[in-house]
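First up is the structure itself, then whatever we jot down about it.
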Amino acid sequence: MSDLQRTHTCGQLRKEDAGSEVTLSGWVDTRRDHGGVIFIDLRDRYGKTQIVFNPEHNSEAHQQASTLRSEYVIALKGKVTERPEDMVNPNLDTGEIELFVDKLEILNTSETTPFEITDDTEVSTELRLKYRYLDLRRPVMQKYLAFRHKVCQVARQYFDRNNFIEVETPFLTKSTPEGARDYLVPSRINRGQFYALPQSPQLFKQILMVSGLDRYFQIVKCFRDEDLRAQRQPEFTQLDLEMSFVREDDVINIIEGLMVDIFSKVLNKEITTPFPRLSYHDAMKMYGCDAPDLRFGMTIEEITDIAKKTDFKVFQKVAESGGQVRGINATGCASLSRKEIDELTTFVNQFGAKGLAWFKVDESGLTSQIAKFFTAEEQSEIKERFKAAPGDLLLFVADKESVVSQSLSQLRLNIGKRNGLIPARPHSGGNEKEFNFSWIVDFPLLEFNEELGRYDSLHHPFTSPRQEDLQILEERPLDVRARAYDIVLNGVELGGGSIRIHRPDIQKRIFHLLNIDDETAQKRFGFLLEALKYGAPPHGGIALGLDRMVTILLGLDDIREVIAFPKTQKATCLMVDAPSEVDENQLKDLGISLRKPE
RNA sequence: GGGGCCGUAGCUCAAUUGGUUAGAGUACCAGACUGUCGAUCUGGAUGUUGCGGGUUCGAGUCCCGUCGGCCUCGCCA
C-alpha cells in the first residue's frame with residue numbers, strides 16, 4: 001500500500017482548510033498541461049478537487065505530473081491554498097481552493113478508456129453495459145445509486161418505526177406455473193427436480209402472517225422470465241410488505257405515509273395525502289387503462305350511441321356488433337397535417353385499431369373526409385360531448401372494447417406529450433418535477449381469458465373477493481369485485497396489493513373458478529391451504545416496484561439507470577457474459593442433457 | 001413469436017442516384033505554452049464499414065442470411 005493515506009475526500013476541502021497539509025486520493029479526471037503549470041482535476045465519489053503542479057513549488061512533482069493521464073489512480077500530499085478571487089470555480093464545491101502538490105504517487109495507470117468518464121457523453125447502451133465499472137464511475141451514475149440507497153434507508157427506518165420486521169424469504173423455492181414464466185434451478189441432490197426463483201415472495205409473506213409476525217417487509221429481488229422493456233428487467237426489486245388484521249385503508253395509509261417520508265427526506269418535498277382514488281371502472285372508461293397518467297385531462301368520451309344512428313358504415317357496424325366507438329379531443333391539434341394524422345393512425349395500428357377516424361373542428365362545424373356521413377345534429381352532438389372548440393382535433397377508434405381502450409389510452413399519452421401536457425424530463429432541461437399519485441381500486445376479481453376460454457385472476461389467486469360479492473362468485477364471477485388496489489405514479493403502475501383470502505374454503509372456491517382442480521391446487525399450493533386451516537388471521541399487503549419508483553423520482557425513464565448491473569433486452573449481462581454454457585460435468589451432476597434445437 | 005430502427009476510426013456521427021484515396025468533431029500520441037477549469041496553438045497516427053454470402057465493371061450504400069444493441073406488440077397471475 002501507498003505511503004500516502006488520504007486525509008480528506010475530493011469533495012471536502014473548503015476555504016477554511018487553506019494552509020493545511022492534506023493527502024488526497026482519486027482518479028485523474030482531466031489534465032490541463034500549460035507546460036509550466038499543470039492542473040489536474042482529481043475525482044472520487046465525493047467530488048473533484050483541482051490539483052496544481054507548479055515547478056516553482058515542487059519541480060520533482062511537476063515532472064512526474066507530466067506522465068499522468070486520464071483515469072490514473074493517484075495519491076498526493078500537498079498544501080491547501082485559497083484561490084485568488086478571480087480564479088474561483090463556482091461550478092465546483094471545492095472551487096474556492098486548490099492543492100499545491102509536494103508529493104505524488106501513482107497507484108495505478110489506466111489504458112485509454114473506451115469512452116470518456118463524464119456525465120454528458122452519449123455512449124451506446126452496449127458499451128456502457130460491457131464496461132459498466134467505467135459507466136458507474138460517472139458522477140451521475142453514482143448519484144443515482146446513492147439516491148436509490150437513500151430511498152431504501154428511509155423505507156427501512158419507516159418500516160422499523162411502524163413495527164414491521166424485515167424477514168428474508170427463500171430464493172430457491174417452488175415453481176408456480178400460473179403467472180409469469182419461472183426461472184428454474186435444477187437440483188443436484190434431487191435429480192430431475194427443479195427449484196424456481198420467486199416471482200414474488202407472495203406466499204411466504206402470507207405464511208408469515210399465519211405465523212403471527214403481524215407486520216413484515218422486505219426489499220427483495222424477484223424474477224420473471226419474460227421479455228424485457230425499458231421499464232422491465234428479468235430480475236427486479238420489490239419493496240414488499242404484508243400486515244395482519246387490516247383492511248384496504250390500513251395498507252393504503254401505510255404506503256401513503258411511506259411516500260410522504262421518502263419525498264420529505266430524499267427529495268425534500270412535501271406531498272399531500274390522501275392520494276385520490278379512482279375505480280378501475282372509471283379509469284378504464286375515462287383513460288382506457290388501469291394506470292392512467294392524471295397529470296392532464298383529455299379524457300376519453302364514448303359516442304357509440306351516436307355512431308349507431310349515423311350513415312358512417314364503419315361506426316355503425318362496430319356499434320351494432322357489440323363494439324364501441326370512443327374518442328379523445330386533441331385540443332388545438334386541428335393544425336396537424338394529413339401526414340401527421342396518418343402517423344397517429346399507424347401508431348394506433350400497433351394496438352390493434354384498424355383505423356383512426358378524425359374531425360377537425362372549425363367555426364362552421366366538423367370537417368373531415370367522413371363528415372358527410374354525419375348530420376348537422378350528430379355533428380353538434382359530438383362537438384358537445386367533447387366540449388370541442390375551433391382548432392381542436394377529434395380522434396376516434398371503433399372496435400371491441402379492449403382495442404379501443406388501449407389505442408385511445410396510448411393515443412392520449414402521445415397527444416399529451418405532443419401538446420406539452422406532460423412535463424419535460426428534468427435532465428433534458430425541463431422544469432420542476434411533478435408527481436401525481438393515485439390509487440386505483442375496485443378491481444374486478446377475474447377476467448375472462450378468451451384465448452384459453454377460462455377465468456384468470458386479474459391480480460393473483462390469493463386476492464380476497466369482497467364479502468358481499470361472495471354469493472355471486474359462481475353465478476356472475478365477472479361481477480365480483482376484488483379487495484385489490486394499485487398505486488399509480490405519473491401513469492406508471494408503481495405497485496399493487498390486496499387483502500388476501502384467509503379462509504381455506506374460499507381459497508378453494510377461487511381455485512375452482514380458475515379451473516384449478518383439487519389435485520393441482522393441492523400439489524401447487526397445498527402448503528398454503530394447509531396453513532390457512534390453522535388460524536390464519538385476516539391479512540393483506542402490497543408490493544412496490546423499487547426500480548420503477550426510483551427511476552420516476554429521479555425523472556428518468558429507463559430502470560437500467562438505477563440498477564447497478566442490468567441486463568440487455570435479450571436478458572444477458574454484457575459485462576460478465578451471462579448466461580453462458582457450462583461444463584459437461586456440471587450438467588452430468590444435474591442429470592441434464594441438452595436437446596439440440598432443430 | 002411478430003413489427004420497426006440501428007451497427008462506419010477508441011467514442012459520437014457524416015459519406016449525393018451504387019463510383020475514384022471513407023471524412024468531421026472528440027478522444028489518443030508528439031511538440032509548444034506558468035492560471036487553466038470543455039485550456040489553447042501546431043503537427044501526427046487511427047478503419048476487416050459487425051460477420052458470411054450474393055448482385056454488379058464497381059458495394060459503406062442494393063439483396064439474402066447471421067450476430068449484437070435499442071424501441072415496440074404479444075407476454076409480464
Side-chain angles (χ1 to χ4, degrees), chain A residues 29-42 48-57 59 62 66 69-71 81 83-84 86-92 94-95 98 100 111-131 134 176-182 199-200 202-203 222-234 236 346-353 403 406-407 410 443 445-447 449 451 455-463 482 484 493 496 498 510 514 516 524-525 543 545 557-558 560 567-570 572 574 577:
Chain A
D29 192 62
T30 53
R31 169 180 68 111
R32 295 177 294 278
D33 186 346
H34 286 249
V37 65
I38 297 174
F39 298 99
I40 297 280
D41 286 341
L42 191 68
K48 292 174 191 172
T49 301
Q50 173 159 286
I51 311 298
V52 187
F53 296 92
N54 191 317
E56 285 166 14
H57 180 82
S59 70
H62 176 261
S66 59
R69 294 293 180 272
S70 290
E71 301 310 311
T81 310
R83 297 200 202 180
D86 55 335
M87 289 168 197
V88 165
N89 184 346
N91 301 320
L92 230 49
T94 60
E98 55 196 358
F100 277 76
E111 292 185 11
T112 302
T113 50
F115 51 87
E116 291 170 65
I117 314 297
T118 62
D119 282 351
D120 49 11
T121 44
E122 303 233 331
V123 192
S124 68
T125 314
E126 194 173 355
L127 267 183
R128 291 180 58 195
L129 293 185
K130 179 168 180 194
Y131 299 96
L134 297 179
T176 52
E178 291 76 22
R181 215 171 277 120
D182 284 319
Q199 296 177 27
S200 88
Q202 180 62 35
L203 295 176
C222 302
F223 306 86
R224 293 179 190 175
D225 187 4
E226 297 293 347
D227 286 354
L228 284 72
R229 291 284 191 285
Q231 289 278 2
R232 203 198 296 164
Q233 284 269 302
F236 61 99
T346 311
F347 177 74
V348 294
N349 283 155
Q350 62 178 323
F351 308 107
V403 169
Q406 201 191 353
S407 303
Q410 295 293 335
F443 282 85
L445 185 70
L446 304 164
E447 62 185 344
N449 184 328
E451 201 183 326
Y455 297 111
D456 281 344
S457 293
L458 203 70
H459 197 57
H460 59 53
F462 319 108
T463 301
E493 183 196 325
S498 62
I510 299 294
L514 295 173
I516 302 174
R524 289 185 192 156
F525 310 112
D557 41 33
D558 189 339
R560 281 174 294 204
K567 301 278 188 287
T568 68
Q569 194 164 43
K570 285 213 173 77
T572 66
L574 295 178
D577 187 30

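Lettering follows sequence order; numbering is per chain, from 1. This one's a predicted model, so the numbers in the text were calculated from it and none came from an experiment.
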task = Report which part of the nucleic acid A:Phe351 touches: base, sugar-phosphate, or nothing (heavy-atom distance under 4.0 Å, all strands).
result = sugar-phosphate
remark   = Mate of B:rU34 across any strand shown (Watson-Crick or G-U wobble, both atom pairs under 3.5 Å) is none
task = For A:Leu127 and B:rG50, give me the distance from atom CG to atom P, rounded to whole Å.
result = 15 Å
inquiry  = Between the base of B:rU36 and the side chain of A:Gln50, is one N or O donor paired with an acceptor at under 3.5 angstrom?
reply    = yes
query = For A:His34 and B:rA39, do the ring centres fall under 5.5 Å apart while the planes stay under 30° apart?
reply = yes
key: Centroid distance under 5.5 Å and plane angle under 30°, A:Phe39 vs B:rU36   = yes
inquiry  = For B:rA77 and A:Arg224 - does any side-chain N or O of the residue sit under 4.0 Å from the phosphate oxygens OP1/OP2?
reply    = yes
task = Would you mind pulling out the nucleotide paired to B:rA59, Watson-Crick or G-U wobble, both distances under 3.5 Å?
result = none
ask   = Mind checking the C1' distance from B:rC75 to B:rG1? Whole angstroms is fine.
value = 10 Å
request  = Quick one: label A:Pro461 by what it contacts on the DNA or RNA (base, sugar-phosphate, nothing), any heavy atom closer than 4.0 Å.
outcome  = base
remark   = Re B:rG25: Watson-Crick or G-U wobble partner, both distances kept under 3.5 Å, found to be B:rC11
inquiry  = When you measure only distances, ignoring hydrogens and angles, does the side chain of A:Arg232 come within 3.5 Å of the base of B:rC75 through a donor and an acceptor?
reply    = yes
ask   = Distance check: side-chain N/O of A:Arg32 vs OP1/OP2 of B:rG38, anything under 4.0 Å?
value = no
message = Quick check: any donor-acceptor pair below 3.5 Å linking the side-chain of A:Asp227 to the base of B:rG74?
response = yes
ask   = Whom does B:rG68 pair with, Watson-Crick or G-U wobble, provided both distances fall under 3.5 Å?
value = B:rC6
